[in-house]
Amino acid sequence: FLITIMVSHVFAGAGRTGAQILELGGGTRAEALGEAFSAVSGDVTSIFWNPGGLANVEEIQTTLAYTDYSDIFGEASEGLYYALFAGAIPFSEYGAFGATLQVQGQGVIDVTTDSPEVIRQENLGTNWVLALSYADSISKNLYAGMTGKVIHQVLGDYGGNAYAVDFGAQYNLNLLPIPITFGTAIQNMGTRIKFKDEEQSDPLPRKCKIGTSWSFIDTEYHKFRIVADLTAAIDKLKEDDEEGIKLYLEEHPDVTREELEADRGVGINAFRWRNMTKSVGAEYWFGSILALRVGYKEEPGIVLQDFADHLTYGLGLRIMNYQVDYAATPGGGPDNKSLHRLALLLRF
């Protein structure tokens with residue numbers, strides 16, 4: 001049902017959107033799994049990937065995560081960070097409620113005049129996203145949820161706001177020997193983020209996610225699952241850069257407009273295999289104490305030389321109600337260093 005609605009309002013394409021704070025991740029567990037998380041439930045960080053997964057939260061959960069970019073950008077990353085907070089409360093037959101806050105520090109730049117001498121430093125400001133979520137079971141095996149967001153972005157001396165909604169659902173298929181969960185979510189459906197007027201505005205990074213989770217082992221002391229996601233960028237109905245398209249086609253007479261739009265992932269072409277982000281991950285739990293995670297992520301338009309550049313990994317350590325999660329992901333930067341993420345999760 002969600003996919004049917006989405007296709008009728010399809011807006012496809014990547015690399016043309018604002019509010020990139022929405023692209024910075026949502027929890028180290030998902031990051032370690034290559035961001036294949038739309039079919040995972042019972043975790044407070046489900047809010048960032050599929051709010052339907054919030055319906056299976058069985059206790060109060062809160063998490064705090066922080067990412068420092070100084071390791072990959074050095075001195076140029078002063079004041080550049082990303083932090084998130086998320087909390088979820090279940091209310092038995094009334095479903096579960098959640099709230100999140102994402103904060104992105106954009107760093108500090110040196111201001112000069114006609115000479116290289118620095119006359120002052122200027123803070124580029126802080127972006128933030130505040131969200132409220134609700135999820136509940138529709139039937140025995142079907143769960144659904146939604147999230148409302150307020151997004152604030154700063155660009156120089158100007159600031160803009162946008163408003164968006166996420167929808168998500170999960171279905172548990174328990175008829176087979178291996179329990180399978182299917183998940184789908186539509187993210188960031190909302191207004192453009194505007195700074196001065198409509199000419200200086202950007203669409204949000206709208207996405208459609210389809211995923212699955214396979215629980216191969218689920219015993220008291222050992223748990224093992226495989227997760228996978230396909231993600232389509234759906235921010236454009238059609239290519240509106242007519243002048244750019246005309247110029248490109250004049251310079252490349254062997255390329256048709258249809259081929260160009262297919263290559264750029266415009267419209268329904270966002271759902272072509274080559275235009276979708278592919279993610280897969282594996283997670284093993286020893287009892288409820290130690291988790292080992294590994295993932296693989298491949299994004300369209302991003303060419304990486306080595307197989308290892310697509311890999312993510314991490315671990316989790318749980319003692320009583322406290323859990324620490326760690327993830328290492330490709331961070332880019334001039335030396336292509338790994339980005340290290342830490343999170344603390346509490347259960348009550």
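Keep in mind that the numbers below use all heavy atoms, side chains included, and drop hydrogens, waters and symmetry copies.
Here OG of Ser288 is found 5.0 Å from NZ of Lys223. Values are rounded to the nearest 0.5 Å. From Leu173, atom CG reaches atom OG1 of Thr181 across 8.5 Å, with rounding to the nearest 0.5 Å. Put simply, CD1 on Ile178 and CG on Asp218 are 12.0 Å apart, with the number rounded to the nearest 0.5 Å. To the nearest 0.5 Å, the span separating CD1 on Ile210 from OG1 on Thr184 amounts to 5.0 Å. In this structure, CG on Asn172 lies 10.5 Å from CD1 on Ile180, to the nearest 0.5 angstrom. Atom OH of Tyr322 is separated from atom CZ of Arg347 by 13.0 Å, given to the nearest 0.5 angstrom.
Considering only heavy atoms from C-beta on, Asp43 comes within 4.5 Å of Phe37 through its side chain. Contact check for Arg206 versus Met189: side-chain heavy atoms found under the 4.5 Å cut-off. In this structure the side chain of Ile289 never reaches within 4.5 angstrom of the side chain of Ile319, judged on heavy atoms. With a 4.5 Å cut-off on side-chain heavy atoms, Trp128 and Val150 count as touching. Residues Leu204 and Arg192 form no side-chain contact, since every pair of their non-hydrogen atoms from C-beta on lies 4.5 Å or further apart. Residues Thr28 and Leu342 fail the side-chain proximity criterion, which asks for heavy atoms closer than 4.5 Å. Using a 4.5 Å heavy-atom cutoff, the side chains of Asn275 and Asn269 are in contact. A 4.5 Å side-chain heavy-atom check between Phe271 and Cys208 finds at least one atom pair inside the cut-off.
In this view, Trp214 and Thr212 satisfy the side chain to side chain donor-acceptor pair (under 3.5 Å) rule, not counting sequence neighbours. With sequence neighbours excluded, the residues satisfying side-chain contact (heavy atoms from CB on, under 4.5 Å) with His222 are Ile217, Thr219, Tyr284, Phe286. Not counting sequence neighbours, the partners of Glu283 by the side-chain contact (heavy atoms from CB on, under 4.5 Å) test are Arg29, Leu33, Arg225, Trp285, Arg293. Residues satisfying the side chain to side chain donor-acceptor pair (under 3.5 Å) criterion with Asn161, sequence neighbours excluded, are His152. Tyr66 meets the ring pair (Phe, Tyr, Trp, His ring centres under 6.0 Å) test with Tyr81; sequence neighbours excluded. Residues that satisfy the ring pair (Phe, Tyr, Trp, His ring centres under 6.0 Å) test with Phe85, not counting sequence neighbours, are absent from this structure. Listed by chain and number, the residues in a side chain to side chain donor-acceptor pair (under 3.5 Å) with Gln61 are Glu59 (sequence neighbours excluded). With sequence neighbours left out, Thr63 forms a side-chain contact (heavy atoms from CB on, under 4.5 Å) with Val44, Thr45, Leu84, Ala86, Ala343, Leu345. Glu31 meets the side-chain contact (heavy atoms from CB on, under 4.5 Å) test with Glu35, Trp49, Ala327, Thr329, Arg341; sequence neighbours excluded. For the side chain to side chain donor-acceptor pair (under 3.5 Å) test, no residue two or more places apart in sequence or in another chain qualifies with Thr277.
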- [ ] Determine, step by step, whether Val280 and Val227 satisfy the side chain to side chain contact (heavy atoms under 4.5 Å, CB included) criterion, reporting the C-alpha distance in whole Å, the side-chain angles of both residues, the deciding distance to 0.1 Å, and the verdict.
- [x] CA-CA 6 Å; Val280 63; Val227 292; over 6 Å; no
TODO: Show the numbers, then the answer: is there a side chain to side chain contact (heavy atoms under 4.5 Å, CB included) between Thr126 and Val154?
DONE: CA-CA 7 Å; Thr126 303; Val154 177; over 6 Å; no
- [ ] Walk me through it: do Gln187 and Phe167 pass the test side chain to side chain contact (heavy atoms under 4.5 Å, CB included)?
- [x] CA-CA 7 Å; Gln187 297 180 305; Phe167 300 97; over 6 Å; no
Open item on the list: Is there a side chain to side chain donor-acceptor pair (under 3.5 Å) between Asp325 and Gln323? Walk through the geometry before answering.
Closed with: CA-CA 7 Å; Asp325 291 303; Gln323 180 175 321; 3.0 Å; yes
- [ ] Kindly indicate, with the supporting measurements, whether the criterion side chain to side chain contact (heavy atoms under 4.5 Å, CB included) is fulfilled by Asp136 and Tyr94.
- [x] CA-CA 7 Å; Asp136 198 2; Tyr94 299 107; 6.0 Å; no
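A donor-acceptor contact shorter than 3.5 Å is absent between the side chain of Lys209 and the backbone of Lys207. Side chain of His310 to backbone of Tyr296: no donor-acceptor contact under 3.5 angstrom is found. Remark: side-chain polar atoms of Thr312 are paired, donor with acceptor, to backbone N or O of Gly34 under 3.5 angstrom. The main-chain N or O of Ile47 is never found under 3.5 Å from a side-chain atom of Ser133 such that the two would form a donor-acceptor pair. Asn50 places a side-chain N or O within 3.5 Å of a backbone atom of Ala169 that can act as its donor or acceptor partner.
Between Thr147 and Asp166, the side chains place no donor N or O within less than 3.5 Å of an acceptor N or O (distance only, hydrogens not considered). A donor atom on one side chain and an acceptor atom on the other are found under 3.5 Å apart for Lys149 and Asn188. Counting only N and O atoms by type, the side chains of Glu58 and Asn56 include no donor and acceptor under 3.5 Å apart.
Nearest heavy atom pair, residue Ala135 against residue Gly52, reads CB-O, 4.3 Å. Looking at every heavy atom in both residues, Pro300 comes nearest to Arg274 through CB-O, 3.4 Å. For the residue pair Lys278 and Trp273, the shortest heavy atom distance occurs at NZ-O, 2.8 Å. The two residues Gly183 and Ala39 make their nearest non-hydrogen contact at N-CB, 4.0 Å.
When hydrophobic clusters are built by joining Ile, Leu, Val, Met, Phe, Trp and Tyr residues whose side-chain heavy atoms come closer than 4.5 Å, directly or via intermediates, Ile193 is grouped together with Leu22. Transitive grouping of hydrophobic side chains (ILVMFWY, heavy atoms separated by less than 4.5 Å) keeps Tyr134 and Leu130 in distinct clusters. Tyr171 and Val57 fall into different hydrophobic clusters, defined by Ile, Leu, Val, Met, Phe, Trp and Tyr side-chain heavy atoms under 4.5 Å apart, directly or through other members. The hydrophobic cluster containing Leu132 does not contain Ile186, counting ILVMFWY residues as joined when their side-chain heavy atoms lie under 4.5 angstrom apart, directly or transitively. Residues Phe48 and Val129 are members of one and the same hydrophobic cluster, defined by side-chain heavy-atom contacts under 4.5 angstrom among Ile, Leu, Val, Met, Phe, Trp and Tyr.
The side chain to side chain donor-acceptor pair (under 3.5 Å) pairs that include a residue from residues 98-108 are Tyr82-Gln102, Gln104-Asn127, Gln106-Asn127, where partners are two or more places apart or lie in different chains.
Clustering of Ile, Leu, Val, Met, Phe, Trp and Tyr by side-chain heavy atoms under 4.5 Å joins Leu247 with none of the others.
The only member of Ser279, Ser213, Ser38 that meets side-chain hydrogen bond (donor to acceptor under 3.5 Å, both in side chains) when paired with Asp229 is Ser38.
Other residues, nucleotides and ligands contribute more than 12 heavy atoms inside 6.0 Å of the CZ atom of Phe348. Applying the 6.0 Å contact sphere to CZ of Phe216 captures more than 12 heavy atoms from other residues, nucleotides or ligands.
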